[in-house]
Amino acid sequence: MTNGYTKVFQNADAVDKYEHTTYAPGTYASHVGSRQRAYLRALVRRTFRTWRPTQHDFACGTGRAIRALHGLVHEAHGYDTSADMMAKAAELGVNAAFHQVAADGPVPAPVPTHGPAIVTMFRLMLNVEDDVRHRALSFAAEALPNAEAGLLVVENHGNARSVRHLRARRQADNPWFAELSHRQMYGLLRSHGFEVVQRRGFAMLSKGWYERPGLNRAARAFDAVAGKVPGADEFAVNVVYVARRG
């Protein structure tokens, strides 16, 4: 992993590539994102029946997780170190208040709100160092002081028990190739008082399968079904953990 990850998206060109290339229609990321969106919306509808939650999206980027919950939250707040990322989110019409946070120093404080909350963290934990992970989870703990306060939803897009691990030896010298195990994720969450209450996998196959001519359609169909099989999340490449304060 690299300590320069937070600097990657500090310019408009990198932001445009992230939004319009990485998440272009038909890409691996866009298919995973579509499945996550359906899951998140069902989760919020099922969990917050009497009062719409406030969303705090940490490392919000261009607001993809906020867009996923449009219409289901009372209000949304996005937090990021990159002004360019948040400017792109505003340009795309993301309905949220945005807050630029420092990359280090005191843990950023969530905006005070009333009622339940959902804290979301996508495409953050994998490629940053442990101090950034703990910083993010400290933020979540402040937004969710007890079990009744709401939910934390955090993504690991490089599960160490997935087929992606087969590339680990070849990528040993690549600072951008990182893995996180379920054990590591559970340990990080427990260290901030969170208990995992649900886990869901969204891709059993890695990005390369989606990019191979002749296999991409079969890969998409396989992943669309496999993620719903009980226990499949153990070996999924992309995993979302839903947690509450203990």
Side-chain angles (χ1 to χ4, degrees), residues 6 36-37 39-83 85-86 89-90 94-126 128-157 180 185-200 239-246:
T6 56
Q36 290 177 337
R37 179 181 185 276
Y39 172 78
L40 282 174
R41 293 184 72 81
L43 175 70
V44 169
R45 288 192 180 102
R46 184 172 64 248
T47 305
F48 303 97
R49 294 180 179 273
T50 59
W51 189 272
R52 289 184 178 184
T54 293
Q55 183 180 11
H56 298 281
D57 189 29
F58 194 81
C60 65
T62 59
R64 302 195 70 83
I66 297 173
R67 280 178 268 169
L69 293 180
H70 271 179
L72 295 182
V73 298
H74 175 64
E75 60 182 290
H77 296 271
Y79 307 79
D80 206 286
T81 60
S82 171
M85 277 287 208
M86 293 184 291
V94 177
N95 185 20
F98 294 101
H99 314 275
Q100 187 171 9
V101 298
D104 51 23
V107 175
V111 173
T113 58
H114 299 287
I118 180 168
V119 177
T120 47
M121 296 179 185
F122 283 79
R123 294 185 74 91
L124 171 67
M125 303 296 276
L126 182 66
V128 295
E129 293 188 327
D130 266 344
D131 60 335
V132 179
R133 293 170 183 151
H134 286 292
R135 182 178 174 82
L137 292 175
S138 293
F139 169 92
E142 187 169 343
L144 302 168
N146 53 58
E148 291 71 37
L151 296 177
L152 167 63
V153 181
V154 58
E155 178 193 41
N156 170 13
H157 61 290
L180 279 173
M185 288 297 299
Y186 278 68
L188 284 164
L189 290 164
R190 279 197 302 269
S191 70
H192 292 270
F194 287 99
E195 295 181 358
V196 175
V197 296
Q198 194 171 132
R199 193 175 75 185
R200 175 65 66 88
V239 183
V240 162
Y241 307 81
V242 180
R244 286 188 184 273
R245 291 298 295 278

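All values derive from a computational prediction rather than experimental measurement.
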Inset, instruction - Apply the test side-chain contact (heavy atoms from CB on, under 4.5 Å) to residues R244 and L144: give CA-CA distance (whole Å), side-chain angles for both, the deciding distance (0.1 Å), then the verdict. - result: CA-CA 8 Å; R244 286 188 184 273; L144 302 168; over 6 Å; no
What heavy-atom pair brings [X] and [Y] nearest, and what distance separates the two atoms?
X: E142; Y: A109; value: OE2-CB, 3.8 Å
X: M125; Y: L137; value: CE-CD1, 4.0 Å
X: F122; Y: A65; value: CD1-CB, 4.0 Å
X: R133; Y: L126; value: NH2-O, 3.0 Å

Inset, instruction - Take W51 and H114 through the side-chain contact (heavy atoms from CB on, under 4.5 Å) test and state the conclusion after the steps. - result: CA-CA 11 Å; W51 189 272; H114 299 287; 6.0 Å; no
Inset, instruction - Return the set of residues passing side-chain contact (heavy atoms from CB on, under 4.5 Å) with R67 (not counting sequence neighbours), or none when no residue passes. - result: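 If we apply the side-chain contact (heavy atoms from CB on, under 4.5 Å) test to R67, skipping adjacent residues, the hits are E19, T62, R64, H70, L92, V94.
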Legend entry - Under the side-chain contact (heavy atoms from CB on, under 4.5 Å) test, residues paired with R200 that sit two or more places apart: Y39, F202
Inset, instruction - Walk me through it: do F98 and I66 pass the test side-chain contact (heavy atoms from CB on, under 4.5 Å)? - result: CA-CA 11 Å; F98 294 101; I66 297 173; 4.2 Å; yes
Legend entry - Test item: L151 and F48 side chains (from C-beta on) under 4.5 Å apart, heavy atoms: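 They are in side-chain contact.
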Legend entry - Side-chain touch Y79/V111, heavy atoms, less than 4.5 angstrom: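 With C-beta onward as the side chain, the pair touches.
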Inset, instruction - On the 0 to 90° scale, with breaks at 30° and 60°, tag the F58-F139 ring pair as parallel, tilted or perpendicular. - result: tilted
Inset, instruction - Evaluate the ring planes of H56 and H77, with Trp represented by its six-membered ring, and classify them as parallel (under 30°), tilted (30 to 60°) or perpendicular (over 60°). - result: parallel
Legend entry - Partner of V153 by side chain to side chain contact (heavy atoms under 4.5 Å, CB included), out of V119, D57, L43: L43
Inset, instruction - Give a yes or no on whether the backbone of M185 and the side-chain of R190 come within a donor-acceptor separation of less than 3.5 Å. - result: no
